[in-house]
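Here's the structure we're looking at; comments come further down.
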Amino acid sequence: MTALIQLSGITKVLKGQEQPRTILDGVGLEVFPGESIAIVGRSGSGKSTLLSVLGLFDRPDQGTYLLSGNDISRLPERRAAKLRSSHFGFVFQRFFLLKHLTAAQNVAMALVNGQGWLPRRERRARVMQALEQVGIAHLAKNRPARMSGGEQQRVAIARALVREPKILLADEPTGALDTETGALVIDALLGVTAHGCALILVTHDRDHAARMGRVLHLDAGVLTEQVAVGGTA
Amino acid sequence: MIRFSGRLRSALIIGLQGIRSRKLRTLLSMVSLFLGVLAVVVVQAGASIAERAVLADMELYDGFDGTVVMEMGGSSPKVEPIVLDTVAGRSDAVAMTGMQAIIGEPGVRPVNQGGGSFDDSWGGSPMICDEQGNCREQTPAELGPQGQAIELRLTALTGDVRQFRPYRPQAGQWLDFTSVPMMAPRLVLNKEAAKGFDRYKVPAEMRVPGASANMTPQFVGVVDDGDASPRAYVRLDELTQWVPAGKLVDPNMGEVRVLMSSGTPVEQVLTSKLKAVNIEPYVHIVNSREEQESELALMRWIFLAMAGLVLLIGVAGILNVGLATVGERVEEFALRRAVGTPRALLAGIVLAETLITGLLTAALAIGASAAALKALVTLAGDSQPFLQGVEFPWEAGVAGVIAGLVAGVLGGFVPAIRAAGIPIATVMRA
């Protein structure tokens with residue numbers, strides 16, 4: 001099977017300080033469609049930076065990043081934005097929902113992003129489909145203030161899924177949730193891998209990591225594979 | 001094209017969502033901008049109204065732009081027949097001959113001797129000139145006793161002059177040139193003459209120098225001709241039934257003028273005929289708009305510059321609120337970038353918000369100005385003639401919209417650049 005993502009020798013150095021600090025040091029990684037990967041490591045080990053590079057928020061200083069076989073290591077911002085829209089979905093620890101919008105409008109935000117135009121009816125159908133996928137279609141008209149943390153995170157997941165991404169990047173999505181709700185969110189995230197979407201989860205929670213197909217450990221910018229402790233859902 | 005349309009729609013949808021979610025801030029931006037746009041609209045409206053009023057007055061007195069005016073001294077007896085022969089029966093040229101007329105009791109001195117305004121008393125005795133141009137003051141014996149009579153200038157017309165001079169009807173009707181000439185000449189008075197007849201009750205007997213007999217005129221209407229002296233207009237063919245040819249131009253204060261459309265052959269023919277008898281006519285083309293524009297342009301620019309300064313304060317208000325709003329919305333913009341929104345669209349969203357704010361403010365300022373003008377016209381239109389019939393000028397509306405758009409762009413430019421430059425990675429880090 002062709003790898004969806006191939007990273008080789010990815011290095012990221014934090015400049016602007018007296019001593020430049022290497023955040024990612026020759027990271028190599030292959031991600032396949034439908035695969036679930038957990039990245040674990042201590043705070044400051046470079047997990048979020050790796051996710052930023054993977055999600056095209058940031059460019060690596062060195063190394064090669066192939067997406068579906070195409071080198072996107074030095075992509076101009078305009079094309080990076082287009083790829084973020086077409087290939088990636090993002091879920092963050094803080095849900096980043098806009099308070100003044102309803103759940104449906106928050107999800108639709110990913111469709112009204114200047115990357116093609118969908119008629120309102122089609123937009124609405126896709127939004128409702130994404131909300132149903134995470135089991136909160138009945139909350140479509142609610143604003144974030146009237147939803148629990150778990151519900152808000154599921155709206156954020158629906159927002160990430162609405163464009164049917166090929167890769168879902170989740171940066172500590174359960175960090176602000178209790179154990180039970182966190183488990184439900186992980187269920188929802190793992191559910192998308194059944195449709196061929198790859199999931200890369202950054203987490204501190206060993207239980208959640210254990211539910212992924214692979215667990216990678218990042219320490220001082222070096223990525224190493226741990227012994228598999230679980231399987232794909 | 002489709003991509004552009006999609007981005008435009010996206011910017012508008014998100015911009016409107018932003019405005020709806022921050023109503024108070026939008027209102028504050030609008031308040032600061034309102035005065036600036038209002039100042040631009042008011043200056044532009046005032047300038048346009050003043051320009052039209054001045055132009056209308058100039059047209060009233062000088063004629064429509066493009067009218068060819070030929071003037072000749074009336075002292076030569078050769079002028080009158082040449083002019084009347086050439087112009088007679090033509091629709092593209094009208095001759096106007098002026099002479100003195102007294103209406104009222106016979107053998108008395110008019111209340112406004114000399115034909116001046118009824119409110120002015122210049123004193124002194126009127127002058128009288130012979131055919132050689134020698135003038136002297138009239139003696140008391142020549143003047144006679146003062147009585148119920150009014151002196152005015154009588155202007156005889158060969159055709160309907162309103163195609164060249166836009167006299168404003170005040171009462172009654174204008175001279176009818178299509179009917180058969182009447183024995184009792186029909187007169188149309190100007191406002192000053194009408195005032196005289198209203199103030200002094202005089203008998204309707206008209207004396208014109210050189211006339212075979214005194215006439216009984218019919219007053220058919222009153223017009224505003226812009227002249228401060230009393231004047232009456234009459235059909236030349238009605239006057240010639242009483243005043244023989246050759247006497248239609250007053251040797252003392254005679255005036256002969258021909259108004260023509262541009263391009264008419266009358267100008268060339270008449271000039272040639274007059275030059276053949278050694279008379280050099282003075283010809284000019286009415287160009288009121290250009291003269292007036294040069295006079296008003298400087299003043300308009302000065303006022304617009306002042307309005308621009310007020311607008312700048314409004315722009316500073318939008319800029320201030322815009323920067324604060326972008327600072328508050330860092331996460332939103334970073335999130336939008338994360339889901340694939342291009343930087344250009346983020347800038348577009350901010351600009352759309354400020355442009356919509358600017359346009360809404362412009363609409364309010366234009367509406368307020370138009371309503372204020374309407375109220376002013378309703379309340380003070382009767383006492384202030386220049387306000388009569390005044391409508392809100394479209395130029396002021398256009399200026400207001402442009403001011404709103406410019407303020408939106410200027411006030412939103414820096415916040416838009418800031419919004420487009422927000423880094424995703426830093427903001428979205430857990």
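In this text the structure is predicted, and so the values were computed from the model without any measurement. Just so we're on the same page: letters track the sequence lines, and every chain starts at 1.
Other residues, nucleotides and ligands contribute over 12 non-hydrogen atoms within 6.0 Å of the CZ atom of B:Arg25.
The contact between A:Leu101 and chain B is made entirely by side chain atoms (from C-beta outward), counting heavy-atom distances below 4.5 Å. Contacts of B:Arg337 with chain A are made by both backbone and side-chain atoms, with heavy-atom separations under 4.5 Å.
Salt bridge absent: A:Glu77 and A:Arg59 never bring a charged side-chain N and a carboxylate O closer than 4.0 Å.
With respect to chain B, the highest number of heavy-atom pairs below 4.5 Å among A:Lys99, A:Arg159, A:Met109 belongs to A:Met109.
Ring to ring, A:Phe96 and A:Phe90 are not that close: their centroids are 6.0 angstrom or more apart.
A:Val134 and A:Ala188 make their closest contact through CG1-CB, 4.4 Å (heavy atoms, listed as atom of the first residue, atom of the second, distance).
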